[in-house]
Amino acid sequence: RQLKIICDNSSPSVIYFDQDTLGSLNDKLKILYTDPSDYSRVKAIKITRDRCSHDSGTKPPVKKDVETMISDVEFFIKNH
């Protein structure tokens, strides 16, 4: 949801669709991030989220991965 808010508030606004995923929204916003590490941070959040919520055949994340994801989400929301 936060990425959609950033899309709406950007000038010019970034067009997105309801079916856009975390990854596709991050790709659309890449050029607008003031800090280049934001793209990597969101990409890492997406990877951990996918490992938590999808049966992707990969090993589930460890507790530290989830803690890092939560911390990164909180940091991203606070700074955007």
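These values consider heavy atoms only, across backbone and side chains, with no hydrogens, waters or symmetry-generated copies.
- Rounding to the nearest 0.5 Å places CG of L29 at 9.0 Å from NE2 of H80.
- In this structure, CD1 on I6 lies 8.0 Å from CG on D38, to the nearest 0.5 angstrom.
- Qualifying side-chain contact (heavy atoms from CB on, under 4.5 Å) partners for D20, counting only residues two or more places apart in sequence or in other chains: Y16, F17, S24, L25, K28.
- The hydrophobic cluster containing L3 also contains I77, counting ILVMFWY residues as joined when their side-chain heavy atoms lie under 4.5 angstrom apart, directly or transitively.
- In this structure, I5 is not a member of the same hydrophobic cluster as I15, with clusters built from ILVMFWY side-chain heavy atoms closer than 4.5 Å.
- With sequence neighbours excluded, no residue forms a side-chain contact (heavy atoms from CB on, under 4.5 Å) with D18.
- Legend: salt bridge (charged side-chain N to carboxylate O under 4.0 Å, His left out) pairs involving residues 7-16, not counting sequence neighbours: none detected.
- In terms of hydrophobic clustering, with Ile, Leu, Val, Met, Phe, Trp and Tyr side chains grouped at heavy-atom distances under 4.5 Å, V73 and L22 are assigned to a common cluster.
- With sequence neighbours excluded, the residues forming a side chain to side chain donor-acceptor pair (under 3.5 Å) with D35 are S37, listed by chain and number.
- Looking at residues two or more places apart in sequence or on another chain, you find a side-chain contact (heavy atoms from CB on, under 4.5 Å) between S10 and S13, V14, L32.
- The local environment of NZ in K4 is crowded, with over 12 non-hydrogen atoms from other residues, nucleotides or ligands closer than 6.0 Å.
- Evaluation of the side-chain contact (heavy atoms from CB on, under 4.5 Å) rule for D72 yields R41, I45, T68 as partners, not counting sequence neighbours.
- Across P60 and R51, no two heavy atoms sit closer than the pair O-NH2, 3.4 Å.
- Heavy atoms only, all atoms of each residue included: M69 and R49 are closest at SD-N, 3.7 Å.
- Between Y33 and N26, the shortest heavy-atom distance links the atoms OH-OD1, 2.7 Å.
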